[in-house]
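Excluded from the calculations below are hydrogen atoms, water molecules and symmetry mates; all remaining heavy atoms, backbone and side chain alike, are included. A quick note: this is a predicted structure, and the numbers were derived from the prediction, not measured.
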Amino acid sequence: MQRQKLLINGERLKDELERFANFGRTENNGVTRLSLSEEDRAARDFFRTCCEEIGLNVKVDDMGCMYATLDGVENKPPILIGSHLDSVKKGGRFDGVLGVLAGLEVVRTLVENNIKPRVPITIVNFTNEEGARFEPSMMASGVLAGKFDKNVMVNKKDSAGIAFSEALKCIGYEGEAENRLKEGTAFLELHIEQGPILEKENLSIGVVECVVGMACYDIEITGESDHAGTTPMSMRKDALFAANNVINEIRRVLGPLDEELVFTIGRVNVYPSIHTVIPNKVIFSLEARHKDPEIVRTFKNFVESLPIFGLNEGCEIKTTKLWERDTVWFDTEIVNQLEKSAQSLGYSNKRMVSGAGHDAQFIASLVPSAMLFVPSFNGKSHCEEELTTWEECEKGVNVLLDTVMALLSK
């Protein structure tokens with residue numbers, strides 16, 4: 001079909017983002033819409049209504065993922081656009097939902113311009129991307145991609161002891177396995193950056209080349225508890241002092257390794273946590289993320305050498321790998337087209353990587369996939385202060401639309 005230059009209705013996109021924010025809106029203008037909650041059910045119902053009003057066929061799979069399809073001229077694998085509608089507790093108005101509504105706005109634009117796409121276009125809402133109620137995150141897309149075992153996932157329970165399968169039935173969104181996403185011409189996911197880079201560099205669009213690899217460990221340091229007032233410093237096996245030495249060594253070694261390497265100690269537990277007792281155990285997490293597998297491998301080798309670390313204060317050090325993932329590179333042709341579309345629309349842009357996980361990283365094993373980022377104010381996300389300007393949201397969806405038109409013209 002002949003290529004047309006189209007732009008979305010930015011005011012309509014803004015209105016829809018605000019309407020969806022009402023499903024779980026918090027006092028400080030954030031959103032709490034945990035997966036399979038009543039707020040999630042209401043958002044799903046409204047999404048279904050919006051799709052059916054413009055003639056889309058909506059199906060639901062056995063993990064609760066929703067697929068709203070605009071038929072194409074040819075019965076071929078669809079172009080998929082989507083993300084997720086669930087949020088973390090007291091999260092923001094843009095994370096996830098922007099990607100779903102981007103698909104809705106792209107399809108609405110085609111419909112109102114009487115454009116029948118060459119291949120079908122399907123908007124996808126993936127279930128439980130956040131993992132805030134049922135762990136792990138990206139649960140449904142992980143099941144679809146064969147990364148997670150469905151039987152294990154549906155039996156995961158929330159803090160109230162409610163199983164995923166029970167909650168799914170309760171909100172009326174348990175569909176059929178035959179409706180699962182199996183193939184596609186392309187998968188596109190628009191997402192807020194959740195970081196400060198685009199805003200800092202005054203750019204409108206991030207063309208995402210990959211989701212970076214990572215590894216996460218627990219580091220356990222075991223010493224001996226004694227009385228804090230009677231045990232001489234030279235006779236102590238203080239696990240917290242040893243942990244301090246290890247943490248300093250971590251920063252000394254990893255800091256200069258590569259400027260794009262990020263590493264975090266996000267959880268620290270000290271035992272017995274009594275001010276009059278020398279700590280006998282410290283357990284802390286350490287994760288690192290980088291796109292280059294050699295850098296991740298260097299990190300892993302370093303962590304696994306910590307048990308023979310010299311300044312251990314007489315304590316024992318044990319490292320346990322919790323999980324890891326490889327870097328997922330997105331489809332080169334689609335990435336190039338996203339960049340070309342941003343440039344043709346005159347939007348400032350750069351290529352970048354994603355340090356956070358997204359459904360696209362799992363779907364990439366099934367369908368040629370790519371992602372776009374739009375700026376996050378002050379890099380804020382997963383909080384009520386999360387903000388992306390309406391103009392930047394509109395630009396992101398315009399790039400998506402232009403890319404869809406380019407894919408349809410091939």
Polar side-chain atom of [X] near backbone of [Y] as donor-acceptor pair, under 3.5 Å:
| X | Y | value |
| --- | --- | --- |
| S137 | G131 | no |
| N244 | L240 | no |
| T69 | D71 | no |
| N378 | K380 | no |
| T388 | C393 | no |
| D86 | E129 | yes |
| T32 | K90 | yes |
| K157 | N155 | no |
| N113 | T109 | yes |
| N125 | H84 | no |

Between [X] and [Y], does any side-chain donor sit less than 3.5 Å from a side-chain acceptor?
| X | Y | result |
| --- | --- | --- |
| N29 | R25 | yes |
| D226 | T231 | no |
| N57 | Y67 | no |
| S341 | T403 | yes |
| T26 | R33 | no |
| S381 | E386 | yes |
| T389 | E391 | no |
| K395 | S204 | yes |

Report yes if the side chains of [X] and [Y] come closer than 4.5 Å at any heavy-atom pair, otherwise no.
| X | Y | result |
| --- | --- | --- |
| L257 | V253 | no |
| I162 | R133 | yes |
| C216 | L286 | no |
| D258 | D292 | no |
| D331 | S369 | no |
| Y347 | N349 | no |

Return each pair, listed once, that meets ring pair (Phe, Tyr, Trp, His ring centres under 6.0 Å) where at least one residue sits in [range]; pairs must be two or more places apart or across chains.
| range | result |
| --- | --- |
| residues 240-290 | none |
| residues 28-48 | F20-F46, F23-F46 |
| residues 372-410 | F94-W390, H358-F373 |

Over all atoms of both residues, closest heavy-atom pair of [X] and [Y]:
| X | Y | value |
| --- | --- | --- |
| S35 | T127 | OG-CG2, 3.8 Å |
| A239 | G223 | CB-N, 4.0 Å |
| F302 | L254 | CD2-CD2, 3.9 Å |
| V208 | V335 | O-CG2, 3.8 Å |
| T222 | C315 | O-CB, 3.2 Å |

Could you state the interatomic distance from [atom1] ([X]) to [atom2] ([Y]), rounded to the nearest 0.5 Å?
| X | Y | atom1 | atom2 | answer |
| --- | --- | --- | --- | --- |
| R251 | I265 | CZ | CD1 | 9.0 Å |
| L110 | E105 | CG | CD | 10.0 Å |
| M66 | F126 | CE | CZ | 13.0 Å |
| I317 | L306 | CD1 | CG | 6.0 Å |
| L104 | R108 | CG | CZ | 4.0 Å |

Salt-bridge test for [X] and [Y]: reply yes if a basic N is under 4.0 Å from a carboxylate O, no otherwise.
| X | Y | value |
| --- | --- | --- |
| R351 | E209 | yes |
| D40 | R44 | yes |
| E220 | K281 | yes |
| R93 | E18 | yes |

Quiz item: For F330, which residues count as a ring pair (Phe, Tyr, Trp, His ring centres under 6.0 Å) partner, sequence neighbours excluded?
Solution: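 With neighbours one apart ignored, the set is empty.
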Exercise. Would you check if the distance from the ring center of F148 to the ring center of F362 is below 6.0 Å?
Key: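 Yes: the rings meet the under 6.0 Å criterion.
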Quiz prompt | Audit row: Q361, R325, side-chain contact (heavy atoms from CB on, under 4.5 Å) steps and yes/no | solution = CA-CA 10 Å; Q361 76 189 64; R325 73 179 187 217; 3.7 Å; yes
Sequence neighbours excluded and cut-off under 3.5 Å, please list the side-chain donor-acceptor pairs for residues 165-178, or say none.
{"residue": "S165", "atom": "OG", "partner": "V154", "partner atom": "O", "Å": "3.3"}
{"residue": "Y173", "atom": "OH", "partner": "D45", "partner atom": "N", "Å": "3.4"}
{"residue": "Y173", "atom": "OH", "partner": "D45", "partner atom": "OD1", "Å": "2.6"}

Under 3.5 Å donor-acceptor pairs involving side-chain atoms of residues 184-192, not counting sequence neighbours:
{"residue": "T185", "atom": "OG1", "partner": "P77", "partner atom": "O", "Å": "2.6"}
{"residue": "E189", "atom": "OE1", "partner": "A360", "partner atom": "N", "Å": "3.1"}
{"residue": "E189", "atom": "OE2", "partner": "S83", "partner atom": "OG", "Å": "2.8"}
{"residue": "H191", "atom": "NE2", "partner": "D95", "partner atom": "OD1", "Å": "2.9"}

Practice problem: Take E313 and R236 through the test salt bridge (Lys or Arg N to Asp or Glu O under 4.0 Å) and record every step on the way to the result. | Solution: CA-CA 8 Å; E313 306 283 343; R236 299 185 178 204; over 6 Å; no
Practice problem: Under the salt bridge (Lys or Arg N to Asp or Glu O under 4.0 Å) rule, what do E201 and K350 come out as? Steps first, then yes or no, please. | Solution: CA-CA 10 Å; E201 298 185 16; K350 71 174 295 182; 3.3 Å; yes
Practice problem: Step by step, work out the salt bridge (Lys or Arg N to Asp or Glu O under 4.0 Å) result for D218 and R267. | Solution: CA-CA 9 Å; D218 256 353; R267 170 177 43 79; 2.7 Å; yes
Self-check item: Derivation of the side-chain contact (heavy atoms from CB on, under 4.5 Å) call for N312 and N245
Solution: CA-CA 7 Å; N312 61 359; N245 294 341; over 6 Å; no
Practice problem: Check step by step if salt bridge (Lys or Arg N to Asp or Glu O under 4.0 Å) holds for E193 and K200. | Solution: CA-CA 12 Å; E193 182 192 348; K200 182 178 179 181; over 6 Å; no
Exercise. Step by step, work out the side-chain contact (heavy atoms from CB on, under 4.5 Å) result for L408 and I121.
Key: CA-CA 10 Å; L408 290 173; I121 298 178; 4.3 Å; yes
Exercise. Please test V143 against R180 for side-chain contact (heavy atoms from CB on, under 4.5 Å), starting from the C-alpha separation and ending with a verdict.
Key: CA-CA 10 Å; V143 170; R180 285 188 186 186; 3.7 Å; yes
